[in-house]
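Remarks on the structure that follows.
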2 protein chains.
Amino acid sequence: MTENGQREARRRSPSMADVAARAGVSHQTVSRVLNNSPLVREDTRERVHAAIVELGYRRNAAARLLATNRSGRIGMVSAHLALYGPSMIAASVQEAGREAGYDVAVIGVLELSEQGLRDAVDRLLDQAVEAIVVAVAHRDALSLVRSLSLPIPVVLVQGVGPGDTMAAGIDQVLGARMATEHLLDLGHRSVALVSGPADWTEAVQRREGWQQAHEARGVLPGPELAGDWSPESGYSAGLRIARSADVSAVFVANDAMALGVLKALHEVGRSVPAEVSVVGFDDVPEAAFYWPALTTVAQNFPELGRRAVDLTVRALAGEDRPAVDLAQPHLVVRESSGPPRLP
Amino acid sequence: MTENGQREARRRSPSMADVAARAGVSHQTVSRVLNNSPLVREDTRERVHAAIVELGYRRNAAARLLATNRSGRIGMVSAHLALYGPSMIAASVQEAGREAGYDVAVIGVLELSEQGLRDAVDRLLDQAVEAIVVAVAHRDALSLVRSLSLPIPVVLVQGVGPGDTMAAGIDQVLGARMATEHLLDLGHRSVALVSGPADWTEAVQRREGWQQAHEARGVLPGPELAGDWSPESGYSAGLRIARSADVSAVFVANDAMALGVLKALHEVGRSVPAEVSVVGFDDVPEAAFYWPALTTVAQNFPELGRRAVDLTVRALAGEDRPAVDLAQPHLVVRESSGPPRLP
DNA sequence: CACGATCATGTGAGCGTTCAACCACTTTGA
DNA sequence: TCAAAGTGGTTGAACGCTCACATGATCGTG
C-alpha cells in the first residue's frame, strides 16, 4: 500500500484531467475541444490536440455513456445467419449503420424460442443500444418482440408486410409474383411451388405471390411442395416433381432449394429448361454458375439496410409516424427458364 | 425549470439506489446480491430480488464498466464476411465467446487498407474490448495488426501458420494435401490447381499442401491456374482446363470456384468424374448438391471458434506462453472424384 | 462472561465523462 | 457612461456502479 502512487501510475490510461493538466487548461475545455464546441480559441484548441496525441489519450466511452446516456449504438437481432438472405441483411444493416454514425451490435439467435429471443433483447439492452432492429422472419418471433413493449424504438427488417409499423423490407409477394408471371408468360399452363417453412413470413409471402400470379390469369396453380430452405429439401421436392410428367415449370422459394431441385432433375434425366423450367429466389452469387444458370429474383440488400437504418434514425429523432418501406426486387433471367416443350 | 422534480422523475430508469431503498437495504447489498456474493442472508437476498423485479431494474453496464474497467467483451475484426469461410469463422467465434461469457463485437473491414484496419481496431478499442481476435487472412493485414502493439491481447484465427503466436486455425496445408493425395491415390498422374489470390495466407497454404503431395510422391504437379475465390474465376479456369486434354484431376482451392469449374466442364462436354475429377475446399452446405456432388475438404468451424476463444481467455488470464493451435480438416468424398479413364 | 472470529450489512470515495452554473473580460450600442 | 450581450474559460456536481473499509450483530471459546 506504500506504493500506492506507483501502482496508480502503472497502467491507467490517461484521462481528460491528464490532458488538461498537460495543456494547461481545465478538463472542461478538453471536453469542448473533443466535442468541437466553437467556444474555444484556436491556439488553445491546438495545445489541447497536441497534449492528446502526446499522451495517446482516447476518450472513455463508458464514462461518456454514463454521463450522456446515449451510446451511439443500435442493436440487431438476427436468426439463421447461415442463410443467404439473413446474413446479407445483417451485413447491410451493419454497414448502413456505420455510415450513419452508429455502431451496430448483431446478436444471432440460435433457437427461436421465446426465451432465446428475450435473452437476445436483454443482452442488447445491457449493451445500452438506443434502438433495436429485428431481422427475424419467424412469425411468432415477430409478435413476441412487438409484445415486449421496449423502452426504445424497434424496427422490423425482415418478413415485413403492409400491416406493419416501422418496418423496412423487400416486397416478397411482388418478387414471387414476378417469378411466376415470367414462367406463365413463357407459356406454361401453371407453375408448381417448392415453398419455405410455413412459419416464416417470407415463405408465406412468396407463396402468396405465386398464388396471386395464377389468380390474375384465372388459372389454377400447380402442385405445392413443402421445403425448409435447405438444398436437401429441394432435392426431395425435385424428385417428386420429376415424377409428375405434367409439371413443366417450378418456382422454388430460394436458390439453395433450387439447386437441390436441379440436381434431382438431372439425376432423373429431365432436362432444364427444355422439359422443366426452374426459377429461384435470392440470386446468390453462385446462381449464375448453377447448371444451368439459374433464373432467380434478386433483392437489393444494401438499399434495404439503408432504409432500415434511416427508419431507425428517424424513430430515434422522435418520429412516431408509422411507416412501411417496401423496396422492389427484380427478376434476373438466365438459362433455367424457357418455353414449355410443345406437346 | 420549475418542474425539475417532475422532469427528473420522468423517465430515468431505476438505479441500484432505488432498488436498495425499496428493499430497505444499502446499495452495496444490492450490488452483493447482483454479484452473487455469499455474504448476504437468504431473506434479504429475496427481498432485493423482489424489489428488482418490481422496479424492472437492470444494472447499468456503463457504470459497471467505468468502475471495474472490465467490459466482458472481446472484439473481432473480419474481412470478406460474404465468403463462406470467413463468415463461418465469425459466427463460430461469436458463439464460442458467448458460451464463455463474453460478448463478441464483430467489425467487418470493407477495404483492407492499413487505414481501414486501423479504424476497425480503433472502433473496437472504443468499445472497450478486452481482447481482439483478428480473422483476416490477408498477408499484409496480419503483419500490420501485429505491428500495432496494442495494450490488449491479440489472437489470430485465420491464415495461421506454424510460426505464429497466439493463434488458432485449421491446418490448410494438411487439408490441401489430403485432397491432392486422394486424387493421386485414385491413380491420377498429377493434379492441377485452381488457386486463391496469392496475398491470402490461406491460398498460399493450400497451394503449399498441393505441392507437398506431389513432392512426397516424387511427381511433378499439374498446371496451376490463378483464381480469386469467385465462381467466375473458377469458371474461366475450368474452361482452360477443359481445353488441355492431359489434365485428369483438379484441386480447386474453394467450393465456389469448384462450382465454376464444374460448369465450365459441363459446357465443354467433359464429364466429371469420368474425364476430369474435381475436388474442392470448404464443404459448403450446397456442395453435396452440386452436379455431381462435390468431393471437398471440411473444416470444423465450431471447434475452431472454441479454440480461439479458449486461447483468448487464457491470454486474458495473463498467460503469455505463445501457442499455435491447429485443428485438422477432413476429406469428404462424394461423386466428383474418381479414377482416371484408362487410356 | 468478556473476547476475538465470523457474518451480514453500511459508508464513502472514486471511475472519467458531461452538464449547468458561474466568472472575468471584451465588445457593442443607446 | 453604463447595461447588455458575447467570448473563452473554470468549477463542482451529477451519472450508477464497485471497491476498500468500517461497523454492529452473533457466536463459540477459554
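In this text, all values refer to a predicted model and were calculated from it rather than measured experimentally. The chains referred to below are lettered A, B, ... by the order of the sequence lines, with proteins before strands, and numbering in each begins at 1.
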Side chain of A:S78, backbone of A:A90: donor and acceptor closer than 3.5 Å? no

Atom CZ of B:R64 and atom P of C:dG16: how far apart are they, to the nearest Å? 17 Å

So what does B:T29 touch, heavy atoms closer than 4.0 Å: a base, only the sugar-phosphate, or nothing? sugar-phosphate

Rounded to whole angstroms, how far apart are NE2 on A:H27 and C1' on C:dA20? 12 Å

Where the side chain of A:Q28 is defined as all heavy atoms beyond and including C-beta, which of D:dT18, D:dT11, C:dG16 is the nearest nucleotide? D:dT11

Look only at the side chain of B:D310 and the backbone of B:R306, and say whether a donor-acceptor pair between them is shorter than 3.5 Å. no

Any side-chain N or O of A:S15 under 4.0 Å from OP1/OP2 of C:dG16? no

Rounded to the nearest Å, what distance is computed from the CZ atom of residue A:R41 to the P atom of nucleotide C:dA24? 17 Å

Paired with B:V154, the side-chain contact (heavy atoms from CB on, under 4.5 Å) test is passed by just one of B:T312, B:V134, B:T165, B:V133, namely B:V134

Regarding C:dG10, can its base be found pairing with the side chain of B:R32 as donor and acceptor, where the two atoms are less than 3.5 Å apart? yes

Taken to the nearest whole Å, CG/B:L66 to P/C:dC15 is 9 Å

Looking just at side-chain N and O atoms, do A:R307 and A:N300 make a donor-acceptor pair shorter than 3.5 Å? no

Side-chain N or O of A:S31 less than 4.0 angstrom from OP1 or OP2 on C:dT17? no

Please check: side-chain N/O of B:S87 versus main-chain N/O of B:A82, any donor-acceptor pairing under 3.5 Å? no

Quick check against the 3.5 Å criterion: does A:S92 have a side-chain atom that pairs as donor or acceptor with the backbone of A:L304? no

Separation of B:D18 atom CG from D:dG16 atom C1', in whole Å? 10 Å

In whole angstroms, the gap separating P of D:dC19 from CG of B:L34 amounts to 12 Å

Checking B:V145, B:V121, B:I74 against B:I132 for side-chain contact (heavy atoms from CB on, under 4.5 Å), the one that qualifies is B:V121

Within residues 43-50 of chain A, which residues have any heavy atom lying less than 4.0 Å from an atom of DNA chain D? A:T44

Between P of D:dG9 and CD of A:E42, the distance in whole Å: 11 Å

Regarding A:N35, tell me which of base, sugar-phosphate or nothing describes its non-hydrogen contacts under 4.0 Å with the strands shown. sugar-phosphate

Taking for each residue the nucleotide of DNA chain C bearing the nearest heavy atom, is the 5' side occupied by B:A67 or by B:L39? B:L39

Value in whole Å for how far the C1' atom of D:dG16 lies from CZ of B:R59: 11 Å

